[in-house]
2 protein chains.
Amino acid sequence: MMKSKAKPAAKTRIQSENQDLILKAALDVFSTYGYRGATVDQIAAKCGLSKPNLLYYFRRKEDIYTAVLEHTLTEWLIPLRMLDVTNDPITELTNYISTKLEMSHRNPAASRLFANEVLHGAPHIRKFLNGPLKDLVEAKAAVIQTWIEAKKIKPVDPQHFIFSIWAVTQHYADFAVQVEAIMGPKPDRLKTQTAVLEILLNGLKISP
Amino acid sequence: MMKSKAKPAAKTRIQSENQDLILKAALDVFSTYGYRGATVDQIAAKCGLSKPNLLYYFRRKEDIYTAVLEHTLTEWLIPLRMLDVTNDPITELTNYISTKLEMSHRNPAASRLFANEVLHGAPHIRKFLNGPLKDLVEAKAAVIQTWIEAKKIKPVDPQHFIFSIWAVTQHYADFAVQVEAIMGPKPDRLKTQTAVLEILLNGLKISP
DNA sequence: TTCATTCTTGATCAAATGGTCAAGACACGA
DNA sequence: TCGTGTCTTGACCATTTGATCAAGAATGAA
């Protein structure tokens with residue numbers, strides 16, 4: 001007898017459990033080895049499923065990659081969305097930068113997955129970059145511009161300022177190996193946060 | 001009759017010409033597709049040599065990669081080495097940041113090659129990071145520290161400041177696709193330079 | 001020109017890898 | 001317990017790809 005549920009493929013318990021397992025393992029493997037460097041066998045081994053079983057849930061390797069990438073992207077922009085023009089800019093930006101640093105520390109794999117994708121020309125997320133991302137950045141650049149016109153912060157190019165925040169905060173995830181080679185293992189997170197906030201907000205020129 | 005030259009393998013004209021061709025093509029291909037993503041066939045095709053011929057000059061794929069990576073690393077640190085404690089800090093740092101931006105623009109492939117290597121755990125250049133790079137950064141951090149103690153610049157953590165410069169400048173090469181998706185193609189280089197210098201040197205807090 | 005050395009490549013191999021399939025094991029509502 | 005649909009997998013396939021090799025072509029010093 002046909003299952004009563006219609007097309008929209010309701011998930012069984014086993015389905016959601018295993019898809020979750022797969023996505024977790026895939027994030028790990030893809031972020032470490034890149035898309036081409038990762039193998040389906042690796043992902044399968046990491047989550048304790050057989051390769052054919054994994055390909056039962058995601059028909060192609062690329063489907064796994066796309067799924068884990070999209071899952072990552074949605075969370076990635078939440079902090080930026082929260083930038084609120086009605087609040088104090090220094091408070092808001094301090095909070096945004098701190099949150100980004102925190103995210104990079106808590107989930108460096110996600111940061112690296114995204115970095116790797118963009119580094120190689122963003123073949124899977126071009127539309128995301130040109131659409132939702134561009135729109136969001138323009139909206140938030142407008143927020144920063146508002147603060148500038150209210151003379152609450154110095155006149156800096158808002159878009160480039162957003163790029164700088166991304167660059168610096170994600171650097172601590174994407175280039176962690178380099179950072180640790182230079183600073184020693186487990187660099188002091190508080191020091192890092194203080195330094196990054198100091199640099200991005202205050203610069204280093206002695207005030208005239 | 002034996003060639004008069006001894007072991008140290010003197011290069012013939014053809015050798016240096018072809019090795020040069022190969023390294024140029026390899027930089028392109030490796031930086032675009034990553035180590036695992038790049039194929040020997042691609043590199044061979046790009047420089048117009050047959051695959052066996054390419055493997056006549058570099059026995060293994062990894063040898064090509066190592067060669068092009070080392071070739072890149074040596075040039076990469078030249079600007080930082082030039083940071084001179086006896087000069088004016090703002091002049092020196094402005095110059096360093098501008099040069100790094102310039103390099104990222106002129107040779108984004110080199111930046112991406114390096115980024116990709118570090119992103120994936122720097123398996124081929126661990127020793128370089130722990131040795132020469134660490135030493136150089138410590139030396140130049142000391143230079144910045146000297147400027148701080150002379151009250152010529154604000155007290156920022158020198159190492160984190162160097163990281164920030166790297167992060168922001170290389171961002172424009174490594175994440176070029178993203179930058180162009182948001183700012184449109186061919187972003188104004190002068191505007192970028194002005195903004196980056198403004199952010200890293202001045203910050204955006206209104207002076208008290 | 002001679003000829004030892006260097007350079008070049010078509011053919012080929014073995015391993016890795018994405019993906020398929022049919023058959024069987026299991027879950028769970030009736 | 002039964003039976004249908006879901007889940008699992010060993011075996012297998014086709015392609016890609018790094019690497020080899022033997023044989024031939026080009027080079028250039030004497």
Side-chain angles (χ1 to χ4, degrees), chain A residues 1-26 28-30 32-69 120 123-124, chain B residues 1-26 28-30 32-69 120 123-124:
Chain A
M1 189 187 291
M2 278 275 287
K3 194 79 173 293
S4 61
K5 301 281 186 179
K7 290 176 202 164
K11 276 187 196 173
T12 68
R13 176 184 56 84
I14 295 179
Q15 262 170 36
S16 57
E17 276 178 13
N18 281 348
Q19 284 186 1
D20 206 53
L21 273 180
I22 293 170
L23 290 182
K24 274 186 171 57
D28 249 38
V29 175
F30 280 129
T32 304
Y33 301 102
Y35 177 70
R36 295 282 298 268
T39 71
V40 178
D41 289 275
Q42 271 178 306
I43 301 172
K46 184 143 227 156
C47 59
L49 299 180
S50 67
K51 180 165 65 169
N53 198 14
L54 193 154
L55 290 168
Y56 168 76
Y57 292 101
F58 295 89
R59 196 164 296 176
R60 299 176 305 154
K61 179 188 182 185
E62 200 177 354
D63 292 345
I64 315 174
Y65 183 73
T66 305
V68 76
L69 195 53
H120 295 343
H124 298 82
Chain B
M1 191 187 290
M2 279 275 288
K3 194 80 174 290
S4 61
K5 302 280 185 179
K7 291 175 202 165
K11 276 187 196 171
T12 68
R13 175 184 57 85
I14 294 179
Q15 262 170 37
S16 57
E17 276 178 12
N18 281 348
Q19 285 187 0
D20 205 54
L21 272 180
I22 294 169
L23 290 182
K24 274 186 172 57
D28 249 38
V29 175
F30 279 129
T32 304
Y33 301 100
Y35 176 69
R36 294 282 297 268
T39 72
V40 178
D41 289 275
Q42 271 177 306
I43 301 172
K46 183 142 228 157
C47 59
L49 299 179
S50 68
K51 181 164 65 167
N53 198 14
L54 193 155
L55 291 169
Y56 168 76
Y57 291 101
F58 295 89
R59 196 163 299 174
R60 299 175 306 154
K61 178 190 183 184
E62 199 176 354
D63 293 344
I64 315 174
Y65 182 73
T66 306
V68 75
L69 195 54
H120 295 344
H124 298 84

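This one's a predicted model, so the numbers in the text were calculated from it and none came from an experiment. Only this structure's heavy atoms are used, side chains among them; waters, hydrogens and symmetry mates stay out. Chain letters run A, B, ... following the sequence lines, proteins first, then strands; residues in each count from 1.
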Exercise for review: Name all residues meeting the side-chain contact (heavy atoms from CB on, under 4.5 Å) criterion together with A/Glu17; count only those two or more places apart in sequence or in a different chain, and write none if there are none.
Suggested key: A/Arg13

Find every protein N or O atom lying less than 3.5 Å from an N or O atom of nucleotides 22-27 of chain C, and list the pairs.
none

Review point. What pairs with A/Asp20 under side-chain hydrogen bond (donor to acceptor under 3.5 Å, both in side chains), at least two apart in sequence or on another chain?
Key: A/Lys24

Exercise for review: Tell me what B/Tyr57 touches on the nucleic acid: a base, only sugar-phosphate, or nothing, going by heavy atoms under 4.0 Å.
Suggested key: sugar-phosphate

Review point. Under 4.0 Å between a side-chain N/O of A/Arg36 and OP1 or OP2 of C/dA16, yes or no?
Key: no

Point to revise | Side chain proximity check, A/Asp63 to A/Tyr57, heavy atoms < 4.5 angstrom | key: no

Revision key, fill the gap. side-chain contact (heavy atoms from CB on, under 4.5 Å) filter on B/Arg36, not counting sequence neighbours, yields A/Thr39

Exercise for review: Tell me, yes or no, whether the heavy-atom count around B/Tyr33 atom OH, taken from other residues, nucleotides or ligands under 6.0 Å, exceeds 12.
Suggested key: no

**Study point:** salt bridge (Lys or Arg N to Asp or Glu O under 4.0 Å) contacts touching residues 47-59 of chain B (sequence neighbours left out)
**Key:** B/Asp41-B/Lys51

Review point. Does A/Gln15 make a side-chain N or O approach to OP1 or OP2 of D/dC7 shorter than 4.0 Å?
Key: yes

Exercise for review: List for me each residue that meets side-chain contact (heavy atoms from CB on, under 4.5 Å) alongside B/Leu69, sequence neighbours excluded, and say none if there are none.
Suggested key: B/Tyr65, B/Leu113, B/Glu117, B/His124, B/Ile125

Review point. To the side chain of B/Tyr56, which of C/dT17, D/dT8, C/dT8 is closest?
Key: C/dT8

Revision key, fill the gap. Residues in residues 44-55 of chain A with a heavy atom under 4.0 Å of DNA chain C, by number, are A/Lys51, A/Pro52, A/Leu55

Study note, to complete from the structure: Those residues at least two apart in sequence (or on a different chain) that pass side-chain contact (heavy atoms from CB on, under 4.5 Å) with B/Leu21 are B/Asn18, B/Cys47

